[in-house]
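A short worksheet on the structure shown next.
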Amino acid sequence: MPNSTTQTNNSSPLSSWLTQLPKIELHLHLEGSLEPQMLFDLAVRNNVDLPYVNVQEVTKAFQFTQLQDFLDIYYQAAQVLVTEQDFYDLTWAYLLKCKEQNVLHVEPFFDPQTHTDRGVAFSTVINGIDQALTDGKEKLGISSELIMCFLRHLDEKSAFETLEQAMPFLAKLKGVGLDSSELGHPPEKFSRVFAKARELGLLTVAHAGEEGPAEFIWTAINDLKVSRVDHGVNAIQDPELITYLRQTQMPLTVCPLSNTKLKVFEHMQQHNILDLLALDICVTVNSDDPSYFGGYMTENFEALAQALDLNQTQAIKLVQNSITASFCDEQRKQELTKILNDYQ
Ligand code: ADE
Ligand code: ZN
């Protein structure tokens, strides 16, 4: 086992160990896995104009100083997604990447309002995604649970309409989430929609404490009754919240590369994920929007190894936390735990 000072590069023993490490992803926006090449291919296929002439220009545009810079580009790029086949291809490409990186279980998010607001039918979006997830299970052995997110910069009415559109498809959904611009849009804006979603049998999660204050984490927990908090790194500002998170083992789905790209932390050396782990908080590693932030699951683990000397014991604990925090059934959790234990 490498000691805690082992550095990784792409060919180091730790790097290949991290690539093969069985992994679970609980915080991934499918629209954020749209790679520049697919962006261009779909723009041509659907005759959509892009403000970029080539992949290099796209990559150059991915310089962000805050969440909103990223969201503006992310929503614009999502306009190339039009047909059921597009949503299938997007999801399938993500699953192939998971296979390459030994990601065994995923719980992706999608943002229906980004598509329905420009005339794409809800059924087009969810059927394309769901078919790819079904094929992913059958052909790649990757299990999944799908989470529908409401855009928090839009109003409660729009969220209710989206939940209404989801009604015929509830069997394809495990839960609902809350994403987009956090500042100015506290979780409690959606208390009533989330209450309705829970009545329908859906689990709830919410982005909170990414750019927003620790207070938003409290209201995600108390008002939206979330089972997990997405990001949650600003919990560190509130000692009482830290105690609560430790005592309840409320999971945080942390996204290291996202947090540095969006300047939640200036440098990865300043990231607090391993401090939270040391405090016995149930933190997990995730990629958020991998095509925008410089990497998928393995790259996120590698970034922690490089900047924070992540060791194998910590990496295993992070994956164990993801299994515990996942929405899969007990049998699948046991299977995943066995695979992880056999790897050690
Ligand atoms: N939508 C996609 N990625 C997001 C993030 N990191 N925060 C909020 N909304 C998002
Ligand atoms: Zn996110």
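Indexing begins at 1, ligand by ligand and atom by atom, following the structure's order.
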Quiz item: N/O to N/O below 3.5 Å, does that happen between Asp111 and ligand 1?
Solution: no

Quiz item: Is any N or O atom of Tyr75, backbone or side chain, closer than 3.5 Å to an N or O atom of ligand 1?
Solution: no

Quiz item: What are the atoms of ligand 1, with element, lying closer than 4.0 Å to any heavy atom of Asp288?
Solution: 3 (N), 5 (C), 6 (N)

Practice problem: Check side-chain contact (heavy atoms from CB on, under 4.5 Å) between Thr248 and all other residues, then give those that pass, not counting sequence neighbours. | Solution: Tyr244, Met250

Quiz item: Who pairs with Ser143 by side-chain contact (heavy atoms from CB on, under 4.5 Å), at least two apart in sequence or on another chain?
Solution: His105, Lys137, Arg332

Quiz item: At distances under 2.8 Å, what protein N, O or S atoms surround the Zn ion (ligand 2)?
Solution: His27 NE2, His29 NE2, His207 NE2, Asp288 OD1

Self-check item: SB check Lys263 Asp69 (cutoff 4.0 Å)
Solution: no

Quiz prompt | salt_bridge(Arg192, Glu156) N-O dist < 4.0 Å | solution = yes

Exercise. Could you check Glu100 against Lys97 for salt bridge (Lys or Arg N to Asp or Glu O under 4.0 Å), going step by step and ending with a plain yes or no?
Key: CA-CA 5 Å; Glu100 202 181 295; Lys97 198 71 191 180; 3.3 Å; yes

Self-check item: Cationic tip of Arg228 above Phe327 ring, under 6.0 Å, 45° of axis
Solution: yes

Self-check item: Residues Glu31 and Thr114: side-chain donor-acceptor under 3.5 angstrom
Solution: no

Quiz item: Is a side-chain donor-acceptor pair under 3.5 Å present for Asn127 with Gln131?
Solution: no

Protein heavy-atom partner closest to [atom] - residue, atom, separation in Å:
| atom | value |
| --- | --- |
| atom 7 (N) of ligand 1 | Glu210 OE1, 2.7 Å |
| atom 9 (N) of ligand 1 | Ser180 N, 2.8 Å |
| atom 1 (N) of ligand 1 | His29 CE1, 3.5 Å |

Quiz item: What pairs with Tyr52 under ring pair (Phe, Tyr, Trp, His ring centres under 6.0 Å), at least two apart in sequence or on another chain?
Solution: none

Compute the minimum heavy-atom distance from [X] to ligand 1 and say whether it is under 4.0 Å.
| X | answer |
| --- | --- |
| Gly32 | no |
| Glu31 | no |
| Phe70 | yes |

Quiz item: Lys23 side chain to Leu18 main-chain N or O, any donor-acceptor pair under 3.5 Å?
Solution: yes

Self-check item: Aromatic centroids of His115 and Phe110 separated by under 6.0 Å
Solution: no

Exercise. Only heavy atoms count here, so choose which of Asp179, Asn259, Leu262, Asp289 is nearest to atom 3 (N) of ligand 1.
Key: Asp289

Exercise. Using a 4.0 Å heavy-atom cut-off, say whether His231 meets ligand 1 through its side chain, its backbone, both or neither.
Key: side chain

